[in-house]
Asker: 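Okay, handing you the structure first.
Labels below follow one simple rule: chain letters A, B, ... track the order of the sequence lines, proteins then strands, and each chain is numbered from 1.
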Number of protein chains: 2
Amino acid sequence: MMMAGLRERKKEQTRRRISQVALRLFDERGYDQVTVNEIAEAAGVAKVTLFSYFPTKECLATDGVQDDMAAVVTGRPEGCSPIGALRAHCRATAVPLAKDMDVETLITRIRVISSNPALLAAVHGAQMSQRHELAAALADGREPDLTAHLMAAQITAAITTLQEAFFHRLAADASLEQAAGRLAADVEVAFDLLEHGLTHVKGEA
Amino acid sequence: MMMAGLRERKKEQTRRRISQVALRLFDERGYDQVTVNEIAEAAGVAKVTLFSYFPTKECLATDGVQDDMAAVVTGRPEGCSPIGALRAHCRATAVPLAKDMDVETLITRIRVISSNPALLAAVHGAQMSQRHELAAALADGREPDLTAHLMAAQITAAITTLQEAFFHRLAADASLEQAAGRLAADVEVAFDLLEHGLTHVKGEA
DNA sequence: AGCATAAACCATACCGAGTTCAATTACCTA
DNA sequence: TAGGTAATTGAACTCGGTATGGTTTATGCT
């Protein structure tokens, strides 16, 4: 029992094949110029099967690009503030990625997503739905009040902006190392701004 | 010449009729349970005509619910900070509405939008795209840097949260006056948080 | 090994949003 | 009143996504 199951292996394999084929086609011809029928056919699978793995076409493109800020807050060590925990988390991980994704694939995925407004909006929307979880985590058990929601919204917005800047840089020209370096500095800027407020900005007109 | 043209009057009238019919149907049976074909037929218009007025079904539901924060910043009076201008704007207008929309219709529209996750996400997405304009306005001519983008993102997030809280209260039970009153107080909370940072929050664990 | 079960898969037909296009109607202007 | 132009129309089409109902295939049990 529970012996790694051939069934589950094949399933995972099929999922990966669909995702990879889709990404390749998107990258080659652009998201809008590829139909799900083509993806299904190229992956050697029925359209229905494709949709059993990925609920929408968008999910094919954004597969694996996720993060759970709420978990970072709830799982933070003793005596650590929520914002401190998030700052540390952003310092540590340049981009939140699925465990088993190679960098090459990730960059391609980012390129695909960045070059399509609808996909960008979808990623934003996904992060938007994390706001409520984060608000709940910040409220720490109690029903989140307005302040908790505001904090969650601002933090989410900041992190989204960081990711956006990172994506933009990566898609443009910079190497992964360069972009990661810049990101490290940006993280500090963002969290300082979050913690100390907009009025503390130095070179402001 | 330019004498209020019957043509333009009819056009505007048709637009209003489509929007009203759509809103009524959405409110009666729910957004997902109404097809654009039904709306077109009920409005006595061809589907193609409907889509010439509203680019998407979503736009039928969110019609008139927009705001332009960038304009508030760029059009602010002399010697007024961007954030100050936005705070004043939020104080003044409970909800950003089109000039000629009655309150009854607005509340119905909010009820429709609030009761559908996809529509909620669409509204969020629309506000998301305003971020870049706001960042440009904050940069005041220069190319917006990371800080400008971060500020824009945080401000947008805060205002979105305010609107969300207002909608939620309105859809739940409160009267317009009650909700507006609470909103006035919430505006101050939100902008204080924005200006002074998250670490200045009083009752924080 | 042999068999029943359920998971994964498939082809096909279908639905609704949105587009294309040629033909038609209604307004405007000279 | 004639001719141009903007608005409208029906019909056919594309594509994302779902429903149906049937076929293969891994697996668990005996």
Asker: Which pairs of donor and acceptor atoms, one on a side chain in residues 151-161 of chain A, lie under 3.5 Å apart (sequence neighbours left out)?
Answerer:
unit_1: Thr156(A); atom_1: OG1; unit_2: Ala152(A); atom_2: O; d: 2.7
unit_1: Thr160(A); atom_1: OG1; unit_2: Gln127(A); atom_2: OE1; d: 3.0
unit_1: Thr160(A); atom_1: OG1; unit_2: Thr156(A); atom_2: O; d: 2.8
unit_1: Thr161(A); atom_1: OG1; unit_2: Ala157(A); atom_2: O; d: 2.8

Asker: Using atom NZ of Lys57(B) as one end and atom P of dC15(C) as the other, report the distance to the nearest whole Å.
Answerer: 16 Å
Asker: Report which part of the nucleic acid Val48(B) touches: base, sugar-phosphate, or nothing (heavy-atom distance under 4.0 Å, all strands).
Answerer: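 The answer is base, as Val48(B) lies within the cut-off (heavy atoms under 4.0 Å) of a base atom.
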Asker: When you measure from the side chain of Arg7(A), which nucleotide among dA26(D), dG17(D), dC10(C) comes out closest?
Answerer: dA26(D)
Asker: Can you tell me how far P of dA7(D) sits from CZ of Arg15(B), to the nearest Å?
Answerer: 14 Å
Asker: Quick one: Lys11(B) NZ to dT5(D) P, roughly how many Å, whole number?
Answerer: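 Distance, rounded to whole Å: 16 Å.
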Asker: Using a heavy-atom cut-off of under 4.0 Å over every strand shown, decide if Ser52(A) touches base, sugar-phosphate, or nothing.
Answerer: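 The residue Ser52(A) makes no contact with any strand.
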Asker: Rounded to the Å, how far apart are Ile39(B) CD1 and dG16(C) P?
Answerer: 12 Å
Asker: Please determine whether any donor N or O and acceptor N or O are separated by less than 3.5 Å between the side chain of Lys47(B) and the base of dG18(C).
Answerer: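 Such a pair is found, so the answer is yes.
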Asker: Rounded to the nearest Å, what distance is computed from the CZ atom of residue Phe54(A) to the P atom of nucleotide dC9(C)?
Answerer: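 In whole Å, dC9(C) P and Phe54(A) CZ are 12 Å from each other.
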Asker: Would you say the side chain of Lys57(A) lies within less than 4.5 Å of the side chain of Phe26(A), judging by non-hydrogen atoms?
Answerer: yes
Asker: Using modelled atom types and a 3.5 Å cut-off, is there a donor and acceptor pairing between side-chain atoms of Asp68(A) and backbone atoms of Ala71(A)?
Answerer: no
Asker: Using atom CD of Glu12(A) as one end and atom C1' of dA7(C) as the other, report the distance to the nearest whole Å.
Answerer: 16 Å
Asker: Give a yes or no answer on whether the side chain of Ser115(A) reaches the backbone of Val112(A) with a donor-acceptor pair at less than 3.5 Å.
Answerer: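 Present.
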Asker: Of the listed nucleotides (dA17(C), dG10(D), dT8(D)), which one gets closest to any side-chain atom of Thr14(B)?
Answerer: dT8(D)
Asker: Please report the distance, rounded to the nearest Å, between CZ in Phe26(A) and C1' in dG16(D).
Answerer: 12 Å
Asker: Could you check whether Asp192(A) pairs with Arg87(A) (Lys NZ or Arg NE/NH1/NH2 to Asp/Glu carboxylate O, under 4.0 Å)?
Answerer: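 Yes, this pair counts.
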Asker: Check the distance between dA17(C)'s P and Glu41(B)'s CD and give it to me in whole angstrom.
Answerer: 14 Å
Asker: Reckon Tyr53(B) touches a base, only the sugar-phosphate, or nothing at all at heavy-atom distances under 4.0 Å?
Answerer: sugar-phosphate
Asker: Quick one: which of dG16(C), dG18(C), dG10(D) gets closest to the side chain of Thr35(B)?
Answerer: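 The nucleotide sitting nearest to the side chain is dG16(C).
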Asker: What nucleotide among dA26(D), dA11(C), dG18(C) has an atom nearest to a side-chain atom of Lys10(A)?
Answerer: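 Nearest listed nucleotide: dA26(D).
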